[in-house]
> 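This is the structure I want to talk about, given as structure tokens.
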Amino acid sequence: MMLLIPSKLRTLGPVGLRVAGLLLFTSFTAAMEGLVWGNVFQPGDHVSSDNVDDVKATSAGNNYVTELEAFLNIGTKAVPINIVSSMSKLDVLGIITFFLSFGYFLEYDCEPVWRAPILNSARGFLRASLNVLLMLMKFMPIAMFSLLSYNMMKTNLDSVADAVGVYLAAQLVAQFLHLVVFYFGFYFIMTGQNPLLFFWKIKNAPMTALLTSSSAATMPVTLDVNKKERSDDYGKRVVEFVVPLGAALNMDGTSLGFPIMVLFVSQVGEELSDLYQDAESMSFGNMLLVAILAMTCSLGTAPIPNAGLVYLTMLMEAADIKDEKLQGFGMAMIVLVDWIVDRVETAQNVTSDSFISAIIAKSPYFENLKVLAAQAVTTADDPESQMAQMATDDKKKTEQL
């Protein structure tokens with residue numbers, strides 16, 4: 001996926017890059033908010049070690065690392081010594097840096113006749129991988145049941161119930177405040193209009209997302225309610241450009257949820273340090289790295305239910321949570337309530353797309369961007385055009401029925 005991003009950004013053109021930059025800004029803001037709320041609620045600290053396996057681990061010794069060293073370590077992780085080794089060890093930042101750099105020079109320094117076979121191969125591999133992922137997700141209930149059964153049968157549920165409850169509260173409160181504080185405030189500042197009134201007009205989109213847990217399945221409704229809310233043709237065309245692009249790039253709910261998940265697992269490991277010997281408090285550098293990767297990984301999250309869990313193990317590896325037993329235990333606790341969290345994240349993703357399209361269409365600060373977005377001509381083979389067209393066709397078929 002990262003190999004194709006430079007080509008994709010170049011295809012979007014200047015207006016697409018500016019819109020994408022705005023979408024990435026909101027996603028990174030959401031990721032930073034996730035770090036804040038994960039540290040405020042400290043859900044992992046509510047795990048009780050009284051009824052968990054009474055295993056005493058050997059001391060990990062004095063491995064103190066300063067915050068400056070942890071911060072500078074981000075640069076070290078970004079430069080892989082051996083890309084094959086980095087891929088085998090799930091060194092996410094090194095993998096992303098390598099393929100982004102490779103894709104950039106491939107796009108801007110290679111002749112089209114050389115570039116096309118490599119990019120087409122990457123597209124084919126990505127499509128095949130997504131198809132395999134969709135197939136594997138059919139077996140996810142069995143896999144999740146096995147994971148939950150293994151970890152919960154050896155754990156007294158009383159010892160984790162409080163932690164899971166606080167974790168769920170942290171997720172829900174963080175998502176709610178991101179909407180009413182960040183997006184309501186951003187909308188009011190940019191447009192001077194009532195954000196609550198706008199949210200009421202497009203409420204069917206997040207409600208549908210809560211039911212389907214899929215932004216792709218919700219897209220026909222998202223496009224419909226936003227077009228009805230706009231009174232001018234320019235505003236409707238901005239919706240057609242921004243909403244499908246946002247479905248691929250703007251995953252605020254997912255970006256916000258990832259850091260809380262990783263912090264939760266880290267705090268559980270720290271609280272049960274007698275059981276997980278390598279667990280330690282997450283440094284500021286690792287927190288910042290998780291926020292950056294949460295934003296980046298959310299770009300590649302498929303718009304289907306529970307797809308984000310695929311990236312969770314890689315994020316835990318990037319945060320130096322190496323203990324596989326701790327990863328499995330943390331994943332089991334997260335999966336217990338992920339059917340709720342994932343639906344709320346999807347509703348946040350859909351709502352943020354609507355707010356961004358409205359801000360671009362209505363704000364005097366984005367007047368030029370509004371005109372450019374409305375005039376942007378997308379080709380038939382462009383993914384965003386295809387998504388918008390498919391959503392429109394589905395809507396027409398529904399109306400005919």
Side-chain angles (χ1 to χ4, degrees), residues 34 38 41-49 51-53 55 89-92 133 136-157 159-172 174 213 253-273 275-280 282 286-287 289-290 293-294 297-298 300-302 304-346:
F41 278 85
Q42 296 280 326
D45 291 352
H46 294 266
V47 172
S48 172
S49 60
N51 297 314
V52 182
D53 293 346
V55 178
K89 296 178 181 179
L90 293 178
D91 293 337
V92 187
L133 175 62
L136 291 177
M137 288 192 68
K138 296 179 180 179
F139 299 94
M140 177 173 278
I142 300 175
M144 291 299 101
F145 177 77
S146 301
L147 181 64
L148 284 170
S149 300
Y150 174 77
N151 284 280
M152 294 299 104
M153 287 297 291
K154 65 177 186 179
T155 304
N156 190 321
L157 291 180
S159 65
V160 299
D162 289 343
V164 173
V166 176
Y167 162 75
L168 178 60
Q171 287 279 16
L172 297 182
S213 190
T254 309
S255 296
L256 194 155
F258 275 148
I260 298 178
M261 293 178 184
V262 177
L263 281 171
F264 176 47
V265 178
S266 175
Q267 291 160 5
V268 168
E270 187 179 0
E271 187 70 17
L272 303 179
S273 57
L275 183 60
Y276 304 110
Q277 61 178 3
D278 294 329
E280 57 184 24
M282 192 182 300
N286 278 342
M287 290 184 190
L289 176 60
V290 167
L293 293 178
C297 289
S298 69
T301 303
I304 53 179
N306 302 108
L309 291 178
V310 175
Y311 296 95
L312 186 54
T313 300
M314 292 191 295
L315 288 172
M316 287 191 285
E317 289 281 347
D320 290 333
I321 303 175
K322 305 293 187 180
D323 193 316
E324 293 183 358
K325 292 183 179 180
L326 175 58
Q327 292 179 4
F329 184 60
M331 182 77 77
M333 289 191 291
I334 289 172
V335 170
L336 279 173
V337 293
D338 194 64
W339 65 275
I340 302 175
V341 173
D342 186 66
R343 292 172 186 275
V344 175
E345 289 178 349
T346 304

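Because only heavy atoms are used, hydrogens play no part in the values below, and waters and symmetry mates are left out as well, while side chains stay in. Keep in mind that what you see is a predicted model, and the values were worked out from it rather than measured.
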> Minimum heavy-atom separation for Ala294 and Phe258, please, with both atom names.
CB-CB, 3.7 Å

> Work out which heavy atom in Val341 is nearest to a heavy atom in Met261; give both atom names and the distance.
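Where Val341 meets Met261 most closely, the heavy atoms are CG1-CE, 4.4 Å.
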
> How far apart are the closest heavy atoms of Ile321 and Gln327, and which atoms are they?
O-NE2, 2.6 Å

> What are the two closest heavy atoms between Pro259 and Gly34, and how far apart are they?
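Looking at all heavy atoms of both residues, the shortest contact is CB-C, 4.0 Å.
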
> Would you give the length of the straight line joining atom CG of Leu172 to atom CD1 of Ile340, rounded to the nearest 0.5 angstrom?
7.0 Å

> How long is the straight-line distance from CG of Asp45 back to CG of Asp162, given to the nearest 0.5 Å?
12.5 Å

> To check you understand the geometry: which heavy-atom pair defines the closest contact between Tyr167 and Ile334, and what is its length?
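Smallest interatomic distance, heavy atoms only, reads OH-CG2, 3.7 Å.
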
> Could you check Asp320, Val265, Val262 and say which one makes a side-chain contact (heavy atoms from CB on, under 4.5 Å) with Met282?
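Single pass found, and it is Val262.
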
> Between Leu272 and Phe329, does a side chain to side chain contact (heavy atoms under 4.5 Å, CB included) hold up when you go through it step by step?
CA-CA 11 Å; Leu272 303 179; Phe329 184 60; 4.0 Å; yes

> Return the CG to CE distance between Leu312 and Met316, rounded to the nearest 0.5 Å.
4.0 Å

> Quick check for you: to the nearest 0.5 Å, what is the distance between Asp338 atom CG and Leu168 atom CG?
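Output value for this atom pair is 10.5 Å.
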
> Any side-chain heavy atom of Val344 sitting closer than 4.5 Å to one from Gln171?
no

> From Gln42 CD over to Glu271 CD, what is the distance, rounded to the nearest 0.5 angstrom?
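Gln42 CD to Glu271 CD: 9.5 Å, rounded to 0.5 Å.
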
> Minimum heavy-atom separation for Gly38 to Gln267, with atom names?
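Of all heavy-atom pairs spanning Gly38 and Gln267, the closest is O-NE2, 3.2 Å.
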
